[in-house]
Structures are given as C-alpha cells and as structure tokens.
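Below, all heavy atoms of this structure are taken into account, side chains as well, without hydrogens, waters or symmetry copies. For clarity, every value in this text was computed on a predicted model and none was experimentally measured. In what follows, chains are A, B, ... by sequence order, proteins preceding strands, each numbered from 1.
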2 protein chains.
Amino acid sequence: MEALAEYFKVFSEPNRLAVLEALRGGPLNVTAVVEATGLSQALVSKHLKLLTIAGVVQRRPEGSLVFYEVIDKAVFKLLGQTEKLLLATRRHQLDALAAIL
Amino acid sequence: MEALAEYFKVFSEPNRLAVLEALRGGPLNVTAVVEATGLSQALVSKHLKLLTIAGVVQRRPEGSLVFYEVIDKAVFKLLGQTEKLLLATRRHQLDALAAIL
DNA sequence: GCACAGCATAACGTCATCGTGATACACGGT
DNA sequence: ACCGTGTATCACGATGACGTTATGCTGTGC
C-alpha cells in the first residue's frame with residue numbers, strides 16, 4: 001500500500017506527465033524533452049531523474065547526449081485507463097448533480 | 001493533463017488508499033472506517049471528504065450515521081492494474097541490476 | 001430539553017515537493 | 001588544453017499536503 005501510493009505519486013505531477021508524454025514517441029535526449037515540453041532544463045532533468053529512479057524510464061548516455069526512454073510502454077496504457085476512469089467519474093458527478101436539480 | 005495529475009494525486013496517499021481499501025467490501029460509516037484502518041477520526045473524515053470531492057466515493061447520511069460508498073468499483077481495477085505495473089517495473093529494475101552484476 | 005455519539009471543521013505545526021537561478025560536471029570538437 | 005554544448009546538481013524560497021488536538025455541529029434517545 002505504501003509502495004503503491006508512492007508509485008501513484010510519480011504520475012501525480014502535470015509536468016512529469018508532460019515529460020512522459022514527450023517520450024511517448026520514443027527515446028529523446030534531455031534538450032529534446034525541454035523543447036517538447038517548454039519546461040526549464042533543470043526541471044526536466046529533475047523529473048527525468050525521478051522517473052528513472054521510479055523505474056519508469058531508462059537513462060542511456062550516447063556521446064555527449066543523454067537519451068531517456070520509457071521502459072515499459074504499459075505505463076501509457078495505465079495513463080489511458082486512468083483518464084477513462086476519470087471521465088466516467090466526471091459523468092457520475094454530473095448525473096448526481098442532475099438528480100438534484 | 002492537469003486534471004489527470006490531480007486524479008492520480010487522489011491515490012498517492014497511503015492512508016487514503018487504506019480508507020478506500022476499507023470500502024472495498026461495501027458501504028461503511030465513518031466510525032467503521034476508523035476502526036478498519038486504525039486512523040484518527042478527524043483524518044478519516046478528511047480523506048473521505050477528499051474522496052467525495054474527487055467523485056470516487058459517495059456520501060449517504062442514514063439516521064445519525066454517515067455511510068460512504070465507492071461509486072464506481074472500477075477504481076479497484078485501476079488499483080490492481082497499477083500494482084501489477086509496479087511489480088513489472090520492479091522486475092525490470094532487478095533485471096537491469098542483474099545485467100550489471 | 002439534555003446528554004451523548006457520530007461526524008465535520010478550525011487552527012496549528014511539520015514536512016515534502018516544486019520550480020528557479022546559479023553553478024558544477026562531462027564530453028566532443030578544434 | 002580550451003571552449004561550448006548538454007546535462008546534473010545545489011541552495012533557496014514558496015507553496016501545499018498531512019496529521020493532531022481541540023472544538024463545533026447534528027441527530028437520536030431519554
């Protein structure tokens with residue numbers, strides 16, 4: 001339960017999700033992620049480190065560049081399913097609201 | 001993306017997950033959740049409020065008691081799948097470690 | 001109408017996380 | 001060996017979340 005909450009925390013940050021999303025198409029180096037997301041370099045570096053430690057992403061130095069890659073693309077499936085549940089939840093809320101009004 | 005991160009944040013707290021877990025079997029009133037989790041009453045109340053606002057849980061006063069119930073049990077599916085992915089991730093990490101040693 | 005149980009909220013201290021700006025480090029090219 | 005690009009890290013301030021203790025509120029039974 002502890003560990004599960006920690007894992008969820010990894011995905012509970014908009015900028016971190018943006019970084020992940022940038023990596024959906026395949027490996028990118030840090031600067032490319034910076035350009036794709038519009039975030040500061042320091043911030044991207046931090047988030048990538050976190051994602052690496054979390055085991056979501058893999059670090060691969062290549063010459064003077066450092067490429068990052070999503071290890072298990074199933075994370076994107078998780079993101080998708082979570083979004084789906086989120087939408088269903090919003091529907092329920094609207095239904096509940098409609099039942100009152 | 002914003003909203004998705006917020007939604008993930010709902011599940012990124014051990015005690016909140018414990019509260020959810022307590023509700024897996026069906027509706028419970030606050031005191032019952034307190035007993036099931038061992039958390040303080042005030043804390044349980046807060047987490048339940050959060051879960052309610054998030055649309056995960058539904059509040060239903062019944063006499064002097066207040067029952068809470070998980071609206072869409074699909075959340076438990078989400079928890080399960082996330083845990084599965086977490087385990088797979090751990091496996092990858094161990095594999096990577098083994099490849100080095 | 002009172003007392004009590006159940007639940008919610010307020011106020012507070014504490015701690016973690018986020019983002020930034022500045023700086024250090026690593027590598028390749030010249 | 002030096003410079004520039006790319007990346008990581010540090011130090012800092014700000015913000016927000018969590019948990020506790022204490023107090024309020026609501027409904028029930030006497």
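Nearest to the side chain of A:Ser64, among D:dT7, C:dA8, C:dG28, sits C:dG28. Comparing D:dT20, C:dG6, C:dG19 against the side chain of A:Asn15 picks out C:dG19 as the nearest. Nearest nucleotide to the B:Ala42 side chain, out of D:dA8, D:dT21, C:dG6: D:dT21.
Here B:Arg16 reaches the OP1 or OP2 of D:dC18: one of its side-chain N or O atoms lies under 4.0 Å away. In this structure, B:Ser40 reaches the D:dT20 phosphate: one of its side-chain N or O atoms is under 4.0 Å from OP1 or OP2. At D:dG6, none of the side-chain N or O atoms of A:Asn29 fall inside 4.0 Å of OP1 or OP2 (strictly under the cut-off). Between D:dG6 and A:Tyr68, no contact under 4.0 Å exists linking OP1 or OP2 to a side-chain N or O. In this model, the phosphate group of D:dA8 is approached by a side-chain N or O of A:Arg59 to a distance below 4.0 Å at OP1 or OP2.
Rounded to whole Å, the distance from CG on A:Leu65 to C1' on D:dT5 is 9 Å. Summarising the geometry, the separation between CZ on A:Phe8 and P on D:dC18 is reported as 15 Å, rounded to the nearest angstrom. The CD atom of B:Glu62 sits 16 Å away from the C1' atom of D:dT26 (whole-angstrom rounding). Protein atom NZ of B:Lys9 is 12 Å distant from nucleotide atom P of C:dT17, rounded to whole Å. In this structure, B:Arg60 atom CZ and C:dG6 atom C1' are separated by 16 Å, rounded to whole Å.
The cluster map of Ile, Leu, Val, Met, Phe, Trp and Tyr, joined by side-chain heavy atoms under 4.5 Å apart, puts B:Leu79 and B:Leu28 in the same cluster. The hydrophobic cluster containing A:Phe67 does not contain A:Leu39, counting ILVMFWY residues as joined when their side-chain heavy atoms lie under 4.5 angstrom apart, directly or transitively. Cluster membership for A:Ile53 and A:Leu43, using ILVMFWY side-chain heavy atoms within less than 4.5 angstrom, is not shared.
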Legend entry - side chain to side chain contact (heavy atoms under 4.5 Å, CB included) between B:Val44 and B:Asn15, intermediate numbers included: CA-CA 8 Å; B:Val44 168; B:Asn15 289 337; over 6 Å; no
Legend entry - Working for side chain to side chain contact (heavy atoms under 4.5 Å, CB included), residues A:Phe8 and A:Val10: CA-CA 5 Å; A:Phe8 270 114; A:Val10 172; over 6 Å; no
Legend entry - Working for side chain to side chain contact (heavy atoms under 4.5 Å, CB included), residues B:Phe11 and B:Thr82: CA-CA 11 Å; B:Phe11 306 103; B:Thr82 306; over 6 Å; no
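For the segment residues 43-57 of chain A, the set of residues with a heavy atom within less than 4.0 Å of an atom of DNA chain C comprises A:Leu43, A:Lys46, A:His47, in numerical order.
For B:Gln41 and C:dA8, a side-chain-to-base donor-acceptor distance below 3.5 Å is present, hydrogens and geometry of angles not being considered.
Other residues, nucleotides and ligands place no more than 12 heavy atoms under 6.0 Å from the CZ atom of A:Arg91.
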